[in-house]
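What follows is a set of notes on a single structure, which appears directly below.
Chain naming here is simple, since letters A, B, ... match the order of the sequence lines and numbering starts at 1 in each. Only a predicted model underlies this, so the values are computations on that prediction, with no experimental measurement involved.
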Amino acid sequence: MPISGFPEWLPPQRIIEQQVLDKIRSTFELYGYSSLETRAVEPLDTLLSKGETSKEVYLLRRLQEDDPSAKQDDQLGLHFDLTVPFARFVTENNGKLQFPFKRYQIQKVWRGERPQEGRYREFLQADIDVVNRDTLPFHFDTEMPLVIGDVFKSLPIPDATILVNNRKVCEGFYRGLGLEDTAQVLRTVDKLDKIGPEKVAAALVETAGATDAQAAACLALAEISSTDGSFADRVRALGVSDPLLDEGLGELLQVVETAAEHAPGLVRAELKIARGLDYYTGTVYETMLQGYERFGSITSGGRYDNLASVGNTRFPGVGISIGVSRLLGLLFGHDALAVSRSVPTCVVIALAAEDKRAESERIASALRRRGIATEVAPTAAKFGKQIQYADRRGIPFVWFPGEPDTVKDIRSGEQVEADAATWQPPAVDLHPNVSAR
RNA sequence: GUGGUCGUAGCUCAGCUGGUAGAGCACCGGGUUGUGGUCCCGGGGGUCGCGGGUUCAAGUCCCGUCGAUCACCCCA
């Protein structure tokens with residue numbers, strides 16, 4: 001029986017997932033990120049320390065616990081993202097790490113929310129972060145979208161757009177406007193797509209103490225969107241001035257312009273996005289997959305200047321995380337990915353009779369020694385059945401022992417003489433191929 | 001966590017106002033004493049998600065529960 005929110009894939013889907021993970025991993029490493037794995041659990045107060053009290057955290061409990069109601073101090077919870085555990089890890093090991101520290105982490109995370117399509121309670125995230133001691137140069141903020149863009153380019157998936165904003169722009173703008181509760185304004189404006197400008201304006205007046213004019217200005221800011229640097233002029237044209245606003249605009253401009261040079265069309269400044277996690281202090285990212293916009297962001301992250309510290313030393317960071325399970329779940333659900341075979345096997349060695357198994361196994365060994373995934377037919381059934389065994393699984397070759405041996409490409413029907421010591425399948429057939437459907 | 005919709009063979013679905021289950025595809029076997037994908041013939045497979053209730057009788061009505069999905073919340 002399935003458990004709600006805990007998806008499990010079938011073998012062909014798992015082949016796709018592993019190849020996707022291989023691409024993600026190799027791309028991360030191309031940019032110099034080191035792999036890290038942290039434990040699944042963190043002390044509850046670590047998980048909740050950054051004000052994420054609304055998070056649905058799964059708790060860990062022993063069956064034989066003496067008194068479940070007592071000892072809440074050292075309560076453990078499953079992590080709900082990879083950034084908070086990473087920040088904890090950095091502070092814990094700061095003496096052994098070299099900064100700036102670039103790491104990637106591909107692990108399961110857990111959130112006790114109501115599942116829907118593309119929303120799970122247990123899911124895989126692929127996360128990169130850069131952390132430095134004291135201050136982190138801003139150019140790392142511009143690197144994040146480039147890494148993600150390269151990952152997506154290497155995968156057979158629809159085009160994606162990375163939406164970028166900067167909290168300093170919003171906070172500076174709101175403050176320059178005379179609104180003090182910038183967090184509340186941000187939360188309200190974030191609902192723009194859902195409830196529309198009229199309701200957002202009304203809510204701003206009601207909950208954030210805005211005047212009609214202030215509310216209108218907030219909406220005007222939220223409407224701004226561009227794939228080049230023109231957004232900055234449009235913001236300035238709104239006539240609000242504030243040092244933080246200027247700083248934010250400069251940063252956002254760098255992200256957009258860097259992306260425009262290295263990956264045209266990938267990034268768009270979108271001044272209405274906010275991102276839920278409230279530890280972000282500057283740049284924020286989210287990603288829309290073309291054709292899947294209604295399922296929300298498949299990648300998100302941002303800059304956090306205050307997440308980690310030891311004594312009075314700060315460890316600011318910036319990171320972004322790919323929602324691997326969401327991405328795959330959506331694509332699987334829409335039958336958008338195909339794989340050339342459902343098993344790793346490249347060659348099936350036919351078996352003429354059960355007492356010839358040793359001979360077939362010798363051929364299989366010879367092929368395996370040279371890296372060709374090979375299995376011997378499970379029974380000495382009629383050759384037609386053995387070919388069918390391969391065909392059902394999408395295995396491209398069937399090998400017939402004989403004098404001489406022959407190998408048949410069952411897609412074309414072509415059968416040629418072959419020597420197990422030298423025969424090589426076409427490179428594309430060595431492993432299952434994942435493609436868009 | 002709150003509310004709505006849905007849940008019949010592996011898959012897609014049929015089953016009228018309640019009378020104890022069917023099709024196509026898939027699968028297995030045979031025609032084809034041994035190199036498949038066509039065709040023909042035959043076959044297996046369903047506690048109608050699960051539990052309870054109403055009724056002489058429930059796939060069909062009611063309640064609960066689990067699962068899928070949608071909205072809210074939140075977010076990958």
message = At 4.0 Å (heavy atoms only), tell me whether R392(A) reaches a base, stays on the sugar-phosphate, or touches nothing.
response = sugar-phosphate

key: d(CD, E113(A); C1', C72(B)) in whole Å   = 12 Å

remark   = Comparing nearest nucleotides in RNA chain B, the 5'-proximal residue of the pair F295(A), S321(A) is F295(A)

query = Which one is paired to C72(B), where only Watson-Crick or G-U wobble pairs with both distances under 3.5 angstrom count?
reply = G1(B)

task = Quote, to the nearest angstrom, the P distance that separates A21(B) from A26(B).
result = 27 Å

Whole-Å P distance, U47(B) and C63(B) = 26 Å

R114(A) side-chain N/O to A71(B) phosphate OP1/OP2 under 4.0 Å = no

inquiry  = Is it the case that atom CD in E361(A) sees more than 12 heavy atoms from other parts of the structure closer than 6.0 Å?
reply    = yes

ask   = Honestly, is R393(A) close enough over Y389(A), meaning NZ or CZ under 6.0 Å from the six-membered ring centre and within 45° of the axis?
value = yes

note = Using Watson-Crick geometry (N1-N3 plus N6-O4 or O6-N4) or G-U wobble (N1-O2, O6-N3), each under 3.5 Å, G24(B) is paired with C11(B)

query = Excluding sequence neighbours, so at least two apart, what forms side chain to side chain contact (heavy atoms under 4.5 Å, CB included) with A260(A)?
reply = none

request  = Enter the distance from I24(A):CD1 to D127(A):CG here, rounded to the nearest 0.5 Å.
outcome  = 11.5 Å

task = Starting at the 5' end of nucleotides 33-38 of chain B, put B wherever the base has a protein heavy atom under 4.0 Å, S where only the sugar-phosphate does, and a dash everywhere else.
result = SBBBB-

message = Check this for me: E8(A), atom CD, are more than 12 non-hydrogen atoms of other residues, nucleotides or ligands nearer than 6.0 Å?
response = no

key: salt_bridge(E359(A), K356(A)) N-O dist < 4.0 Å   = no

query = For atom C1', what is the distance between G15(B) and G51(B), given to the nearest Å?
reply = 24 Å

ask   = Watson-Crick or G-U wobble partner for U54(B), using a 3.5 Å limit on both distances?
value = none

query = Which base sits across from U17(B) as a Watson-Crick or G-U pair, both distances under 3.5 Å?
reply = none

task = For RNA chain B, find the residues of residues 2-34 of chain A with a heavy-atom distance under 4.0 Å and give them by number; none if there aren't any.
result = P2(A), I3(A), S4(A), G5(A)

query = Using the P atom in both, what is the distance from C41(B) to C16(B), to the nearest Å?
reply = 30 Å

query = Using the P atom in both, what is the distance from U54(B) to G42(B), to the nearest Å?
reply = 46 Å

query = Rounded to whole angstroms, how far apart are CG on L186(A) and P on C75(B)?
reply = 11 Å

query = Once you round it to whole Å, what is the distance between C1' of U69(B) and NE2 of H334(A)?
reply = 12 Å

inquiry  = Looking at F86(A), I'd like to know if the NZ or CZ of R103(A) sits under 6.0 Å from its six-membered ring centre while staying within 45 degrees of the ring's axis.
reply    = yes

message = Side chain of Q116(A), heavy atoms from C-beta onward: which of C72(B), C74(B), C27(B) has the nearest atom to it?
response = C72(B)

inquiry  = Assuming nearest nucleotide by heavy-atom distance, tell me which of P115(A) and I298(A) is located more 5' along RNA chain B.
reply    = P115(A)

request  = Can you tell me, in whole Å, how much space there is between the P of G7(B) and that of U12(B)?
outcome  = 13 Å

ask   = If you look at every strand shown and take non-hydrogen atoms under 4.0 Å, does G112(A) touch a base, only sugar-phosphate, or nothing?
value = nothing

ask   = Taking the C1' atom of each, how far is U20(B) from C48(B), in whole Å?
value = 11 Å

ask   = Which listed nucleotide (C73(B), C28(B), G3(B)) is nearest to the side chain of K191(A)?
value = C73(B)

task = Could you state the atom-to-atom distance from CD1 of I320(A) to P of C75(B) in whole Å?
result = 16 Å

key: Short side-chain N/O contact from R294(A) to OP1 or OP2 of C70(B), under 4.0 Å   = yes

Opposite nucleotide pairing with U65(B), Watson-Crick or G-U, both atom distances under 3.5 Å = G49(B)

query = Mind checking who U35(B) pairs with, Watson-Crick or G-U wobble, both distances under 3.5 Å?
reply = none

request  = Please state how far atom CG in D335(A) lies from atom C1' in U12(B), giving the value in whole angstrom units.
outcome  = 14 Å

C74(B) base / R111(A) side chain donor-acceptor hit below 3.5 Å = no

request  = Please state the C1' separation for the pair G49(B) and G59(B) - nearest whole angstrom.
outcome  = 12 Å

request  = Examine distances only and state if a side-chain atom of T38(A) and a backbone atom of L82(A) form a donor-acceptor pair shorter than 3.5 Å.
outcome  = no

request  = Find the distance L47(A):CG to C74(B):P and express it as a whole number of Å.
outcome  = 19 Å

query = How many angstroms lie between atom CG of L76(A) and atom CG of L59(A), to the nearest 0.5 angstrom?
reply = 9.0 Å

message = Measuring only between side-chain heavy atoms, which start at C-beta, is V428(A) closer than 4.5 Å to L430(A)?
response = no

request  = Can you label the angle between the F400(A) ring and the F383(A) ring as parallel, tilted or perpendicular, going by 30° and 60°?
outcome  = perpendicular

message = Any salt bridge linking K168(A) with E171(A)? Criterion: basic side-chain nitrogen under 4.0 Å from a carboxylate oxygen.
response = no

